[in-house]
Amino acid sequence: MNARKLVVSQTQIPQSIRNSLLYAVMEPPNSAPPFTPKPPSILATGLLKSYFERGLIREARTLFDEMPERDVVAWTTMISGYTSCNLHGRAWVVFCGMMRCTDVRPNEFTLSSTLKACKGMSSSSRGALVHGLVVKQGMSASLYVSNALLDVYATCCVNMDEASAVFHEIRGKNDVCWTTLIAGYTHRGDGYMGLNVFRRMLLEEGKSSPFSFSIAVRACASVHSCTYGKQLHAAIVKHGLEFSLPVMNSILDMYCRCGSLNAAKQCFHEMTQRDSITWNTLIAGYEKSDPYESISTYSSMESEGLSPNCFTFSSVIAAVANLAILSCGEQIHGRIIKRGLRGNLELDNALIDMYAKSGNFASARRIFDKMPTRNLVSWTSMMIGYGSHGYGNEAVDFFEEMVKFKVRPDRIAFVAVLNACSHAGLVDKGVNYFISMVSDYNIAPDPEIFGCLVDLLGRAGRVEEAFKLIESMPFDPDESVWGAFLGACKEHNHPDLGKLAIRKVLALKPKIASTYVVLSNIYAADGKWGDSAKMRKLMRWRATKKEAGRSSVEIKNQNYSFVAGDKMGSHMDCVNEVVKILVKHIRDARYIPDLDFFIHDLEDGT
DNA sequence: GTAGGGTTAG
């Protein structure tokens, strides 16, 4: 008998299935034990799964289309196969095709797999359709089905009402039900509710699992509660879970997000095993607070032979963006290309941000133009880049273009466009955007947005209007609003309103030294030296020691970082050279420095 | 031969 005709693409088929196919077409041996070949449909289903696991989607589809008989398991394998390859829409189409076949009915496996596809499509409405079928088929008792349904509603609905209703109806809840509910609250930003459910799970049910601990730790991180996080860390050790890598990765992440970088560092060094997520978490943790350490940790990761991935590079690129070291960013970009990691949306967004912040708009634009798909972050990164470098009109054009492409702006996009309007002096346009944000996009203005609007009016000299706006705000203005107003008062010479703003900032944030310095300078500029000195005294008494502002400059591919009064040895000559060039540019631009403030700022060394 | 929850990027 010729077995070759049946064994297609031999190299792609696992040995076990190849043997089964051979046995299926060969005569069984005469001697015992008796051999029962598996039916061809079972073999084909095994092959289908194998194709999906290897990403051979076209081959899986061809095989499925050529199957003479397709039972419920074959259909379900297609649905879960497509979902495992993130092709949720195709999984849904297969499910609809199956429902049209009269000879096959979905089972619990089919319904839970289809619900996972609904979650992948973020479609609670399709999930509700499947929910109806679950009730009709009498499958509500299946924990797999109920949990999948709970997951769809918790992830895709506007609130947790539907998910809670499903959860309460589950009889004989297991730890998966609880973990799914906790994750639902936590992933939508309600970390306290997530922790509350976790507490109930422990106290009322006496249940816990590594999964539930991980998500509870994530909940602590989301509410920035290091106190709860430490308690959970202790409980994890008590439960013997400190050797679970995902659990410890979440602890590491929690310390980073709570700003306890020393605790994170200690945790990292004490971990007995580390994977790429461990390294990526620490690199991301350092990204904002200590970008140099972030880059250095990335270097150590490479030295230890671990392969950086898209997550790693997104964080390192963000760290480079914070430092605006273009040459370093270009080097890392080269490594990304070398590793074949081009085309990742988040990574491209990080690169746009880095190039835009470093002032290389041509490269930022090139990446943006070549992106196969763009999201809101891509557009916003370009807008922030243009806006922060004084190209307000270009940023506004980008916003308009984005809206034309039917990308719905969010709060951050409006912050970007309002800031751009502010810097470009487009006051009326900015006010119109603010009105559109509230009326067309239903976004409630928060203190930051009001701060942008106050800044917009204030920079244009409309200080009284800005003050009226502050007075009409639906909540108490925070220090950022008063800070923006203070800048306007300083710029357009409104000392009385400026002093009022300062008093407000001091009442809200009495420990910030710079506020006292600004007020002291206002008094000094007014010739009130006694009041000026009083503020300096008050600062030393009340405020915490101000961390010195650190500057960095890139010269011939070498980055130099320094603070005021720093002794940099021979490097100081390079810095002085750059300062001379800068002063020349400033003079050429006919800028007249405000010496009243300049002198006193220097006196304090800040 | 088919199904579940957790940790990393903007």
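The model shown is predicted, which means the values in this text are computed figures rather than measured ones. The chains referred to below are lettered A, B, ... by the order of the sequence lines, with proteins before strands, and numbering in each begins at 1. Just the heavy atoms: all of them, side chains too, but no hydrogens, waters or symmetry mates, feed the values below.
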What is the distance from CE of M78(A) to P of dA3(B), rounded to the nearest Å?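 So the CE-P distance, M78(A) to dA3(B), works out to 14 Å.
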
To the nearest Å, give me how far apart CG (L63(A)) and P (dT2(B)) are.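 Those two atoms, CG and P, are 15 Å apart.
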
Does the side-chain ring of Y144(A) sit on the six-membered ring of the dA3(B) base, less than 5.5 Å centre to centre and under 30° in tilt?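 Ring-base stacking flag set for Y144(A) and dA3(B).
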
How would you label the contact of [X] with the nucleic acid (heavy atoms, under 4.0 Å): base, sugar-phosphate, or nothing?
X: R257(A); answer: sugar-phosphate
X: S244(A); answer: base
X: D253(A); answer: sugar-phosphate
X: D275(A); answer: nothing
X: S146(A); answer: nothing
X: A284(A); answer: sugar-phosphate
X: V247(A); answer: base

Test: E204(A) and R199(A) ion pair at under 4.0 Å: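 So E204(A) does not pair with R199(A) through a salt bridge.
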
Please determine if D151(A) and K119(A) form a salt bridge, counting it only when a charged side-chain N lies under 4.0 Å from a carboxylate O.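 Yes, charged N to carboxylate O under 4.0 Å.
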
Counting heavy atoms from C-beta on, name the nucleotide in dG10(B), dT8(B), dG4(B) closest to the side chain of N147(A).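 The answer is dG4(B).
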
Of the listed nucleotides (dG1(B), dG5(B), dA3(B)), which one gets closest to any side-chain atom of T45(A)?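 Shortest atom-to-atom distance from the side chain points to dG1(B).
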
So for [X] and [N], does any side-chain atom that can act as donor or acceptor lie under 3.5 Å from a complementary atom in the base?
X: N174(A); N: dG5(B); value: no
X: S113(A); N: dA3(B); value: no
X: T180(A); N: dG5(B); value: no
X: N249(A); N: dG6(B); value: no

For residues 237-275 of chain A, which residue pairs pass the ring-ring contact (aromatic ring centres under 6.0 Å, His included) check, not counting sequence neighbours?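 Only F213(A)-H239(A), H233(A)-Y255(A), F268(A)-W279(A) qualify under ring-ring contact (aromatic ring centres under 6.0 Å, His included).
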
Set of salt bridge (charged side-chain N to carboxylate O under 4.0 Å, His left out) partners for E293(A), sequence neighbours left out: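 Checked E293(A) against salt bridge (charged side-chain N to carboxylate O under 4.0 Å, His left out); zero matches.
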
Please confirm whether the shortest side-chain N or O distance from R274(A) to OP1 or OP2 of dT8(B) is below 4.0 Å.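 It does not, given that no N or O in the side chain of R274(A) lies less than 4.0 Å from OP1 or OP2 of dT8(B).
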
